[in-house]
Protein chains: 2
Amino acid sequence: MKVSMKDVAQRAGVSTATVSHAINKTRFVRAETKKKVLKVMKDLNYYPNFAARSLRTRKSNIIGLLVPDISNFFFISIAKGVESTLKKYGYNLIFSNSNENLENEIEQIKIYNTQLVDGLIVAPVSADHTFLNELFSGYYPVVFIDRKPKGYKGDCVLGNNTKGAYDAVSMLIKKGHTKIGIITGLPGLTTTEERLNGYKKALTDHGLKINKNLIKVGDFRV
Amino acid sequence: MKVSMKDVAQRAGVSTATVSHAINKTRFVRAETKKKVLKVMKDLNYYPNFAARSLRTRKSNIIGLLVPDISNFFFISIAKGVESTLKKYGYNLIFSNSNENLENEIEQIKIYNTQLVDGLIVAPVSADHTFLNELFSGYYPVVFIDRKPKGYKGDCVLGNNTKGAYDAVSMLIKKGHTKIGIITGLPGLTTTEERLNGYKKALTDHGLKINKNLIKVGDFRV
DNA sequence: ATGAAAGCGCTAACAC
DNA sequence: GTGTTAGCGCTTTCAT
């Protein structure tokens with residue numbers, strides 16, 4: 001049988017409250033008592049039950065990360081950064097993949113809605129996200145990254161794609177170039193649209209014409 | 001306030017047992033009753049509480065994956081495969097990184113020991129793992145991949161590195177080559193050692209001498 | 001075909 | 001400085 005806090009308490013001759021407080025440093029426990037408790041914990045190879053603690057405290061110390069492509073280097077580097085920062089604060093990462101598919105994204109969000117996570121980071125698929133207004137219970141914080149969820153107003157962390165493209169094109173123009181092309185990302189992504197807008201605006205602002213033949217669609221998803 | 005099963009039951013005029021069974025299809029519920037329950041669930045935007053369910057059933061439907069390098073393509077492709085297979089069976093993936101550091105590995109295993117996961121997949125760091133014999137409570141299944149944990153006898157899924165290297169070298173020899181080098185992975189890894197053994201054995205078996213100058217250490221971690 | 005209620009293992013308010 | 005105990009939200013046994 002799995003050893004519970006009660007077992008530890010009994011063997012140490014204290015109450016579960018004392019064990020709990022010894023573990024969590026949430027009220028004073030006499031040094032001697034604490035030492036005894038810790039020893040028993042070790043002897044019995046005791047680990048507090050995650051589910052019970054989580055149920056009681058309403059915290060899971062888990063953050064969800066939902067990305068559209070788990071093998072894309074861009075999203076992996078995000079996952080890496082998120083994971084290492086979370087661990088620093090005692091959190092864990094649940095990593096999930098919508099695979100650029102709206103159904104998958106919705107299914108995964110429903111799982112997160114079970115209070116599995118204390119917070120969620122999403123790089124949304126390219127689609128209308130008005131439905132999020134009712135899907136999100138509002139009981140845990142959500143932040144979107146990289147792409148903007150269309151039709152939903154929530155916190156986002158985004159690159160300034162328009163300005164990036166604008167500046168890049170302006171730079172080329174200033175260097176004397178006039179025939180400037182762009183390979184865009186996948187159509188429909190906000191990043192794609194924003195960069196294309198920046199490209200076009202830079203050309204127009206500098207008196208250059210937009211040549212459709214110089215605009216090619218690539219397979220970038222970030 | 002977060003809506004609980006009790007709220008759903010009250011609003012639907014049934015007991016929590018019925019709600020539970022309607023959700024889980026775990027005993028017959030009259031079609032009409034079920035329909036009413038489902039509607040109330042939707043109306044109230046109800047999602048079952050993960051922690052409560054997990055506490056009661058002693059299942060989390062979460063599998064842990066612990067790898068030594070989260071940005072290594074090899075481990076990422078493993079993560080991708082694991083994640084998609086898990087999702088197919090209704091499981092989630094907790095993704096963690098030991099960063100080739102034994103302390104991190106141990107810390108993370110302790111977290112998993114809180115019954116957070118129903119199972120664990122580990123690509124261990126290169127170090128003695130005898131300590132696992134007492135660290136693992138034995139209450140959840142663990143499988144090691146890619147590298148063999150030294151000093152611990154447990155389930156592993158490994159490549160046949162010795163034979164792979166042996167065959168590769170033998171092939172070169174059969175083609176008439178005699179000056180055959182190897183760039184190994186990091187020293188200490190079981191994969192490195194096994195491949196080196198295969199390399200050496202192939203040379204010896206075919207009557208060739210081992211030339212230390214032809215053995216170079218690379219930075220491969222898989 | 002459904003309900004009542006115990007209990008999973010913790011935390012924290014209250015008591016002393 | 002420590003103990004008692006209610007209760008978190010489910011699942012499931014025992015009733016009916």
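Below, all heavy atoms of this structure are taken into account, side chains as well, without hydrogens, waters or symmetry copies. Each chain gets a letter, A, B and so on, in the order the sequences are listed, and its residues count up from 1.
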If you compare every side-chain N and O of [X] against the phosphate oxygens of [N] (OP1, OP2), does one of them come in below 4.0 Å?
{"X": "B:Asn24", "N": "D:dT11", "result": "yes"}
{"X": "B:Tyr47", "N": "D:dC10", "result": "no"}
{"X": "A:Ser4", "N": "C:dG9", "result": "no"}
{"X": "A:Thr33", "N": "D:dG1", "result": "no"}

Where the side chain of [X] is concerned, which of [options] is the nearest nucleotide?
{"X": "A:Leu55", "options": "C:dC10, D:dG3, D:dC8", "result": "D:dC8"}
{"X": "A:Thr16", "options": "C:dA5, C:dT11, D:dC8", "result": "C:dT11"}
{"X": "A:Val14", "options": "C:dG3, D:dG3, C:dT11", "result": "D:dG3"}
{"X": "B:Tyr46", "options": "D:dT5, D:dC10, C:dA1", "result": "D:dC10"}

Legend entry - From B:Leu189 atom CG to B:Thr184 atom OG1, the distance as rounded to the nearest 0.5 Å: 9.0 Å
Inset, instruction - Supply the atom-to-atom distance B:Leu66 CG to B:Ile145 CD1, rounded to the nearest 0.5 angstrom. - result: 9.5 Å
Could you tell me how far apart [X] ([atom1]) and [N] ([atom2]) are, to the nearest whole angstrom?
{"X": "B:Gln10", "N": "D:dG9", "atom1": "CD", "atom2": "P", "result": "12 Å"}
{"X": "A:Lys6", "N": "D:dG3", "atom1": "NZ", "atom2": "C1'", "result": "15 Å"}
{"X": "B:Lys59", "N": "D:dT12", "atom1": "NZ", "atom2": "P", "result": "12 Å"}
{"X": "B:Phe28", "N": "D:dT12", "atom1": "CZ", "atom2": "C1'", "result": "19 Å"}
{"X": "A:Asp7", "N": "C:dC8", "atom1": "CG", "atom2": "P", "result": "11 Å"}
{"X": "A:Lys35", "N": "D:dG1", "atom1": "NZ", "atom2": "C1'", "result": "18 Å"}
{"X": "B:Lys25", "N": "C:dT2", "atom1": "NZ", "atom2": "C1'", "result": "18 Å"}
{"X": "A:Phe50", "N": "C:dC10", "atom1": "CZ", "atom2": "C1'", "result": "12 Å"}

Legend entry - Most 5' of B:Ile23 and A:Ala31 on DNA chain D, judged by nearest nucleotide: A:Ala31
Legend entry - Which residue lies more 5' along DNA chain D, comparing A:Ser15 with B:Ala52 via nearest heavy atoms: A:Ser15
Legend entry - Residue whose closest nucleotide on DNA chain C lies nearer the 5' end, B:Thr18 versus B:Gln115: B:Thr18
Legend entry - 5' precedence on DNA chain C between B:Arg30 and B:Arg56 (nearest-nucleotide basis): B:Arg30
Inset, instruction - Check B:Asp118, B:Leu93, B:Leu116 against B:Ile62 for a side chain to side chain contact (heavy atoms under 4.5 Å, CB included) and give me the one that passes. - result: B:Leu116
Legend entry - A:Val217 side chain reached by A:Pro187 side chain, heavy atoms, under 4.5 Å: yes
Inset, instruction - Hey, can you tell me if A:Tyr152 and A:Phe136 have their rings parallel, tilted or perpendicular (30° and 60° cut-offs)? - result: tilted
Legend entry - Electrostatic pair B:Lys87-B:Glu83, nearest N-O below 4.0 angstrom: yes
Inset, instruction - Could you tell me whether B:Ser54 contacts a base, only the sugar-phosphate backbone, or nothing, with contacts defined as non-hydrogen atoms closer than 4.0 Å? - result: nothing
Inset, instruction - Check every strand shown and say whether B:Ser20 touches a base, only sugar-phosphate, or nothing at a heavy-atom separation below 4.0 Å. - result: base
Inset, instruction - Answer yes or no: side-chain N or O of A:Arg27 and base N or O of D:dG3 forming a donor-acceptor pair under 3.5 Å. - result: yes
